[in-house]
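Working notes, beginning with the structure itself.
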Amino acid sequence: MDVRIANTKGRAVIDKTVTDAESAVAGIPDGATVMIGGFGRAGQPIELIDALIAQGAGDLTIVNNNAGNGDTGLAALLAAKRVRRIICSFPRQHDSWVFDGLYRAGEIELEIVPQGNLAERIRAAGAGIGAFFSPTGVGTELAADKEQRRIDGRDYVLEYPINADFALVSALQADRWGNLVYRMTARNFGPIMASAATTTIVQVDKVVPLGELDPETVVTPGIFVDRVVEVGERVWLDDGAFVGGVDLEGRRIEPAAAGTNGGGL
Amino acid sequence: MDVRIANTKGRAVIDKTVTDAESAVAGIPDGATVMIGGFGRAGQPIELIDALIAQGAGDLTIVNNNAGNGDTGLAALLAAKRVRRIICSFPRQHDSWVFDGLYRAGEIELEIVPQGNLAERIRAAGAGIGAFFSPTGVGTELAADKEQRRIDGRDYVLEYPINADFALVSALQADRWGNLVYRMTARNFGPIMASAATTTIVQVDKVVPLGELDPETVVTPGIFVDRVVEVGERVWLDDGAFVGGVDLEGRRIEPAAAGTNGGGL
Amino acid sequence: MTTRISREELAQRIAADIAEGSYVNLGIGAPTLVANFLPEDQEIILHTENGLLGMGRAPGAANVDPDLINAGKQAVTALPGAAYFHHADSFGMMRGGHLDVCVLGAFQVSESGDLANWSTGAPGAIPAVGGAMDLAIGAKAVYVMTDLLTKTGESKLVAECTYPLTGVGCVTRVYTDHAVFDVTTDGFVVREAFGANTVQSLAALTGLELRDASGAAPALSRSRRDAESEEEN
Amino acid sequence: MTTRISREELAQRIAADIAEGSYVNLGIGAPTLVANFLPEDQEIILHTENGLLGMGRAPGAANVDPDLINAGKQAVTALPGAAYFHHADSFGMMRGGHLDVCVLGAFQVSESGDLANWSTGAPGAIPAVGGAMDLAIGAKAVYVMTDLLTKTGESKLVAECTYPLTGVGCVTRVYTDHAVFDVTTDGFVVREAFGANTVQSLAALTGLELRDASGAAPALSRSRRDAESEEEN
């Protein structure tokens with residue numbers, strides 16, 4: 001258990017919260033395999049990645065669906081030359097120029113995994129499955145070297161779990177036991193990555209008192225979480241309510257630019 | 001798609017609700033494989049099972065964690081001699097006398113599966129996994145005839161999916177799209193069984209208007225659900241709030257018998 | 001009479017084939033257009049593989065929510081009745097055969113239903129597959145939406161794919177700007193020819209042996225006829 | 001001086017070895033008693049494999065909730081900070097090695113850590129395994145709680161299990177009414193002998209070669225010594 005025990009009123013309580021992102025990413029060594037949550041920008045743990053860049057660990061293997069967007073977050077980690085290898089499904093995007101440059105220069109290794117196999121391999125690691133037969137990729141070059149088997153008339157390839165030393169995840173709220181809830185499609189890889197890493201580090205908008213999260217709606221039970229840091233509310237939320245006023249990258253836009261077309265929900 | 005389209009105000013809408021349990025179980029044929037949710041009595045879809053007994057289908061293969069409790073629900077289905085074979089992890093309980101009698105009389109076939117392998121095999125069926133290597137059961141008689149493999153220094157046995165023609169599930173609430181939420185540990189096998197059956201039939205305490213279930217907290221998305229029937233509130237609830245006054249079997253107890261020790265939460 | 005319909009008309013044509021009550025995934029790019037033509041008076045539930053069932057239309061600029069996007073990483077909305085889930089659950093839904101229809105783009109589709117849509121195999125290109133391979137094998141019906149011909153006039157319907165495969169024998173039907181083709185055990189069957197197109201003209205364009213939906217004798221392309229004549233010599 | 005401690009004392013002894021902050025699964029039957037001795041001034045989180053982390057004590061009779069039970073199908077409560085999940089997630093948690101400790105009963109434990117606790121193999125018995133095999137291989141530390149001897153005086157610690165196995169090489173430590181044993185690559189090591197028990201007396205009771213925790217030369221049981229002498233002849 002990588003868990004801090006705090007003394008509260010003479011009682012030893014589990015308290016996984018840490019005071020800042022720097023403390024949250026402490027101890028990640030050179031050469032570590034690090035899962036980073038997020039699908040594109042949604043759910044990307046920007047503050048933790050920034051702290052990881054500042055912390056200095058290099059020669060990393062990164063597991064993420066993509067390979068960075070723009071110049072921030074994962075892209076900034078790549079730009080800092082800290083990543084030796086990336087395992088992902090979709091590196092090439094309109095704003096993946098950092099990765100593109102490194103790849104063409106031969107400065108980063110790439111393992112492409114179909115998105116669903118990526119997700120299931122991460123889940124398998126968390127759930128103690130030794131390997132599984134997937135129908136995805138059969139007959140394609142991405143399965144060329146893989147064991148294949150026909151089961152009940154359908155062809156499958158054998159896929160192995162992807163474990164990590166660390167996972168960096170972004171969620172909406174946590175309690176001190178590390179129970180997590182997410183927001184909308186920012187949930188994406190968070191729950192499965194949290195289960196697949198030896199040490200799972202989570203940034204949240206807000207840490208709430210134990211008992212405030214409804215046990216029926218906890219998405220990631222605290223057993224999968226080791227450290228939690230509160231990084232403050234996303235700019236498009238105000239006290240948990242959506243207030244908008246940002247573009248897709250989360251940058252504030254002028255009300256004038258947003259126009260009057262309310263649209264939406 | 002086994003889905004009813006209703007016309008509401010000139011608009012064709014998806015409406016998976018049916019009026020009664022009899023309609024819900026219509027069309028289950030002799031010889032079908034039927035998953036039945038529940039762990040012991042918790043989450044057992046009693047009203048659907050009663051309707052299945054009345055409907056008359058026989059020669060069934062049942063998938064359930066247990067093999068019936070007392071004389072109601074699954075036990076009653078067994079007592080009616082409708083079940084040829086049962087796949088479960090734990091048939092023998094203090095109140096499994098119906099199964100015990102049939103088994104000793106050689107009137108029912110039994111396949112014992114370790115509980116976690118049972119759950120994972122059901123999930124695999126729902127998730128399109130052809131087979132998976134599990135560490136559970138290695139070296140035991142329950143894995144005696146199974147393919148074994150050492151992966152990364154650990155031994156595993158190969159386990160295959162369990163599909164069903166029908167699943168009978170109990171949940172707390174549904175909307176007309178079939179989205180489900182459960183209550184406490186009555187959730188147990190519901191979500192995975194719903195995903196693993198060709199036709200999934202659900203009983204709920206209450207059908208709520210579309211949009212009333214929070215999309216963040218839906219446990220079973222409606223895509224896995226074909227028919228929903230409202231059976232009314234469990235006797236230990238009043239308008240969704242726990243009021244107690246029952247024993248573990250859900251039978252009303254006299255306040256005097258319950259005593260004054262409030263205990264609990 | 002024209003021989004091609006527009007991309008919007010094609011999207012509309014595909015939308016007309018999607019039954020009410022269906023669960024549908026629309027791939028990135030042109031297939032996204034299909035959403036614009038789904039009937040307003042019906043309920044068809046859209047899945048996006050990054051974790052949402054019940055996806056609605058794009059929001060206005062003032063209501064863009066960076067936490068609510070589709071697989072193409074565009075802002076979307078969620079309908080009443082929506083549900084969120086994580087990636088393993090989302091792709092389990094797909095791989096487990098729970099979606100009724102998915103609509104995908106293509107570089108090539110072969111007579112046996114092989115799909116190539118993720119890589120041209122060009123040297124130096126950065127590979128990126130995303131959910132394409134999972135979608136290709138996942139839905140009950142896999143519809144392809146594409147122009148029949150490349151910009152340089154080559155048929156995207158082929159005897160065998162030369163581009164790297166996305167999935168083997170997975171395509172159900174191909175909607176092109178010239179015609180709609182079903183993939184059958186006997187190869188492509190012309191389900192519907194648009195405008196002036198005929199089974200014969202389509203055979204000529206594709207260089208493939210094509211059948212019409214009535215089951216009449218196949219139309220051979222000139223090249224195929226020539227090849228077969230040569231073989232007989 | 002007595003040679004046996006009570007079941008409650010044994011439960012207390014086990015509870016003392018569970019570190020604060022641990023995630024723990026207590027098996028059905030005697031292991032459930034351990035919960036009564038977990039320190040009130042610490043947080044230890046109990047898992048029950050039917051879908052709950054953060055399980056609390058039994059409710060009073062007026063507050064029994066049939067929807068809230070443990071793996072033994074007894075009424076329980078949920079603590080603030082609890083979480084519910086379905087069976088595949090619950091056993092993934094276990095199989096994936098996320099639990100720190102589980103405590104199980106046993107019919108037999110072998111020198112190499114094999115566990116037999118689900119079936120006596122008696123003819124006519126109805127087999128029932130439940131989560132026993134998953135628990136046996138799932139937790140980081142697997143503690144067994146048992147009497148050292150059967151009612152007829154046979155040792156439950158054995159060279160090799162004769163009852164059907166639950167798991168192979170899975171047991172970390174055995175807590176008995178006579179002593180606590182660690183399972184090591186050299187067989188059982190006496191970690192702690194209760195009351196008048198000694199490594200020698202325990203070797204005699206079990207018929208096994210036992211080491212003490214200091215690493216001193218193994219104590220041989222009389223039968224084992226005799227057997228080895230005979231072999232030397």
Side-chain angles (χ1 to χ4, degrees), chain A residues 39-43 65 89-93 99-100 103-104 110 112-120 122-123 134-142 155 182-192 219 234 236 242 244-250 253 255 257-265, chain C residues 48-52 55-80 82 84-92 94-95 114 116 118-119 121 124-138 164-170:
Chain A
F39 177 80
R41 294 173 186 275
N65 188 64
S89 86
F90 208 79
R92 190 188 61 222
Q93 302 161 91
F99 171 82
D100 298 358
Y103 182 77
R104 292 191 200 286
L110 171 66
I112 289 284
V113 181
Q115 196 169 336
N117 284 354
L118 181 66
E120 189 71 9
I122 294 168
R123 180 198 176 268
S134 169
T136 299
V138 169
T140 74
E141 63 185 49
L142 294 188
D155 291 320
Y182 300 82
R183 186 165 180 270
M184 301 181 161
T185 57
R187 185 185 302 193
N188 57 64
F189 282 88
I192 50 176
V219 174
R234 293 163 223 213
W236 52 95
F242 175 74
V246 297
D247 65 15
L248 253 184
E249 302 179 10
I253 51 173
T260 52
N261 58 338
L265 291 183
Chain C
T48 182
E49 61 265 35
N50 54 314
L52 167 62
M55 179 172 67
R57 301 201 169 198
N63 283 310
V64 164
D65 188 332
D67 290 334
L68 183 49
I69 61 174
N70 66 12
K73 305 191 177 82
Q74 301 164 310
V76 296
T77 52
L79 300 176
Y84 298 108
F85 30 82
H86 63 57
H87 255 75
D89 280 351
S90 185
F91 281 82
M94 195 181 291
R95 195 191 304 110
D114 295 352
W118 75 283
S119 165
I126 297 175
V129 67
M133 291 184 180
D134 307 278
L135 280 164
I137 58 89
L165 292 186
T166 306
V168 175
C170 57

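In what follows, every chain begins at residue 1, and chains take the letters A, B, ... in the order their sequences are listed.
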So, the part of Leu110(A) with a heavy atom under 4.5 Å from chain C: the answer is side chain
Quick note, salt bridge (charged side-chain N to carboxylate O under 4.0 Å, His left out) partners involving residues 125-136 of chain C, not counting sequence neighbours, are none
Whatever's closer than 4.5 Å to a heavy atom in chain C on Val219(A) counts as neither
When the 4.5 angstrom heavy-atom criterion is applied to Tyr182(A) and chain C, the contacting part is neither
If we ignore hydrogens and angles and just use 3.5 Å, is the side chain of Thr185(A) paired with the main-chain N or O of Asp67(C) as donor and acceptor?
yes
Could you check Asp65(C) against Arg183(A) for salt bridge (Lys or Arg N to Asp or Glu O under 4.0 Å), going step by step and ending with a plain yes or no?
CA-CA 11 Å; Asp65(C) 188 332; Arg183(A) 186 165 180 270; 2.6 Å; yes
Max heavy-atom pairs within cutoff under 4.5 Å with chain C, candidates Val246(A), Leu118(A), Asn65(A), goes to Val246(A)
The side chain to side chain contact (heavy atoms under 4.5 Å, CB included) partners of Asn70(C) (sequence neighbours excluded) come to Thr48(C), Met55(C), Gln74(C), Val76(C)
Steps toward side chain to side chain contact (heavy atoms under 4.5 Å, CB included) verdict (Thr166(C), Thr140(A)): CA-CA 6 Å; Thr166(C) 306; Thr140(A) 74; 5.7 Å; no
Q: Spell out, as yes or no, whether a donor-acceptor pair under 3.5 Å connects the side chain of Arg104(A) to the backbone of Gly124(C).
A: yes
| message | Parallel, tilted or perpendicular, judged at 30° and 60°: which one describes the rings of Phe39(A) and His87(C)? | response | tilted
If one checks every heavy atom of Tyr84(C) against chain A at 4.5 Å, the contacting part turns out to be both
With chain C, the option among Gly116(A), Ala119(A), Gly244(A) that has the most non-hydrogen atom pairs under 4.5 Å is Gly116(A)
Under 4.5 Å to a heavy atom of chain C? For Asp155(A) that would be neither
